[in-house]
2 protein chains.
Amino acid sequence: MAGFVSHFTNRLDAKGRVSIPASFRAVLARDGFEGLYCISSSHCQAVDAGGNELLAEIEKRSEAFAKLSPDHDALAVALFGASENPKIDGDGRMTISDMIRDHTGITDQVTFVGMKYKFQIWEPEKFREYRAEAQKRALAMLSGASPASSQGEPA
Amino acid sequence: MAGFVSHFTNRLDAKGRVSIPASFRAVLARDGFEGLYCISSSHCQAVDAGGNELLAEIEKRSEAFAKLSPDHDALAVALFGASENPKIDGDGRMTISDMIRDHTGITDQVTFVGMKYKFQIWEPEKFREYRAEAQKRALAMLSGASPASSQGEPA
DNA sequence: CGGGTTCTTATGGGATATCATGGGAAATCA
DNA sequence: TGATTTCCCATGATATCCCATAAGAACCCG
C-alpha cells in the first residue's frame, strides 16, 4: 500500500457519522494506531488526520524545543490542544466533532484527501477552492525551485 | 525486460475494466509494487501509471519541503490527492475510475503508452493528436544536436 | 518444413464479497 | 430520566473473484 492517496467525498448521516474511505482504513490498520489522530490545520480550514506516522511528525516538531521551556509548553498547547482522538466504529465510521465542524465548516458532506503520510478532512466546496490554488502553487514550486540537484526533469 | 515500451489499445468492458498489456504487467511484477500507482498528469490529458519507480519519482518532488508546512501540504494535495492505487485483478485488468475518466475523456477504449520508467493512459484519439505534436517537437529538438539523416518509422 | 497442439492473452459474464449508508436497540452519561 | 452515544444488523450498489472462450502466438515433433 502506498500511504493515503486519492480523494473521496462521503455523506454525513443523521447521527453525525461518516464512513472513512476503505482504502484509508486499510492504511490505518497497517499503521497500527488505535482510532484516528486528528489535529486542526493551522494554515487552512481542514483537519489533518492519520495514525502513528502523523503523530510522530507532530512530535518531531515540538522536540525542537527543550521540554519545560515556555516555547515548548506553548507549542504543546497549540498542537495537542487542537487535537482529538476519535474512535472508529465497527463499520469504519467516525463522528464529526464540534471542533471539526467549527474549523472546517462541514455540514452534510465530507471530503477526505490523501496526502501520503496523513489525510485531510474538508468541507467539499472549500476543498475544491483550495485544490485549485494548490495546483497552481505546485506547478510553480516544481518548475522554479530546484535548489540542490543537478539535471533538469524528465519530459 | 527493459521497462515499459511500445503502445497498445484495449477495449473497456461493461464493468469499466480494461486489460493492462501483458508486457506492462511483466514489468510491474518485476517492480514488485502492489497494484498500480496512477497520477493525473498536470500538463496533458493523460494519467501516469507505474510502480515503485514512478512513486519514488513523485515522492522525491515533495521531499524538498518540510512536512506540515503550507508548501508541503499544497504539493501533497496536488500530487497525492490526484493519485490512485487501483488493484489489478487475477486476469491482469484494472478498472478505470471516474477520476481517470474525467481527466482523460476515456469512454470505451484505452491506449497504454510505454515511457520506460512509467506508462501513460490515454483516450486513443487524444493520444493520436498528442503523438503527432510530440513527434514534431522531437524532430525539432533532434535536428539541433546531430546531423540528422533518416527517420525510421516506429512499428 | 509443416501441421498440429499447447500457451498466452484479451474479453465476457455469473456469482460473491465489500462498502457506504440507514436505522433500531442497548448502553452510557449527566 | 431524557438525551446522546455505541453497537449491531439490513440493504442496495459496486467491486472483486472465478471461470469460460476465442483468437493468436509460440512451440514441438515428426
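Each chain gets a letter, A, B and so on, in the order the sequences are listed, and its residues count up from 1.
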Nearest-angstrom distance from the residue atom [atom1] of [X] to [atom2] of [N]:
| X | N | atom1 | atom2 | answer |
| --- | --- | --- | --- | --- |
| A:Ile88 | D:dC8 | CD1 | P | 16 Å |
| A:Arg93 | D:dC8 | CZ | C1' | 10 Å |
| B:Ile96 | D:dT14 | CD1 | C1' | 16 Å |
| B:Ile100 | D:dA15 | CD1 | P | 12 Å |
| B:Leu12 | C:dA10 | CG | C1' | 13 Å |
| A:Asp98 | D:dT4 | CG | P | 11 Å |
| B:Asp89 | D:dT14 | CG | C1' | 15 Å |
| A:Met94 | C:dT21 | CE | C1' | 16 Å |

Under-3.5 Å donor-acceptor pair between [X] side chain and [N] base:
| X | N | result |
| --- | --- | --- |
| B:Arg17 | C:dG13 | yes |
| B:Lys15 | C:dT11 | no |
| B:Asp91 | D:dC18 | yes |

Touch class at under 4.0 angstrom, heavy-atom based, for B:Ile20 against every strand present: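 Here B:Ile20 touches the backbone only, sparing every base.
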Touch class at under 4.0 angstrom, heavy-atom based, for B:Asp13 against every strand present: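 The residue B:Asp13 makes sugar-phosphate contact but no base contact.
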Interatomic spacing from CG in B:Asp73 to SG in A:Cys44 - rounded to 0.5 Å: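 Reported value, rounded in 0.5 Å steps: 6.0 Å.
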Neighbour count above 12 (heavy atom, 6.0 Å) for A:Glu34 CD: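 Check fails, neighbour count at 12 or below.
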Plane angle bin for A:Phe127 and A:His7 - parallel if under 30°, tilted between 30 and 60°, otherwise perpendicular: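 Aromatic pair A:His7/A:Phe127 classed tilted.
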Options D:dT16, C:dA10, C:dC19, nucleotide nearest the side-chain atoms of B:Lys87: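 Looking only at side-chain atoms, B:Lys87 lies closest to D:dT16.
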C:dC19 OP1/OP2 closer than 4.0 Å to side-chain N/O of A:Arg11: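 Checking C:dC19 against A:Arg11, no side-chain N or O comes under 4.0 Å of OP1 or OP2.
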Within the 6.0 Å centroid threshold, strictly below: A:Phe112 and A:Phe8: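 Ring-ring flag for A:Phe112/A:Phe8: false, centres at least 6.0 Å apart.
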Side-chain donor-acceptor contact under 3.5 Å, B:Ser97 with B:Glu84: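 Side-chain D/A pair, B:Ser97 to B:Glu84: present.
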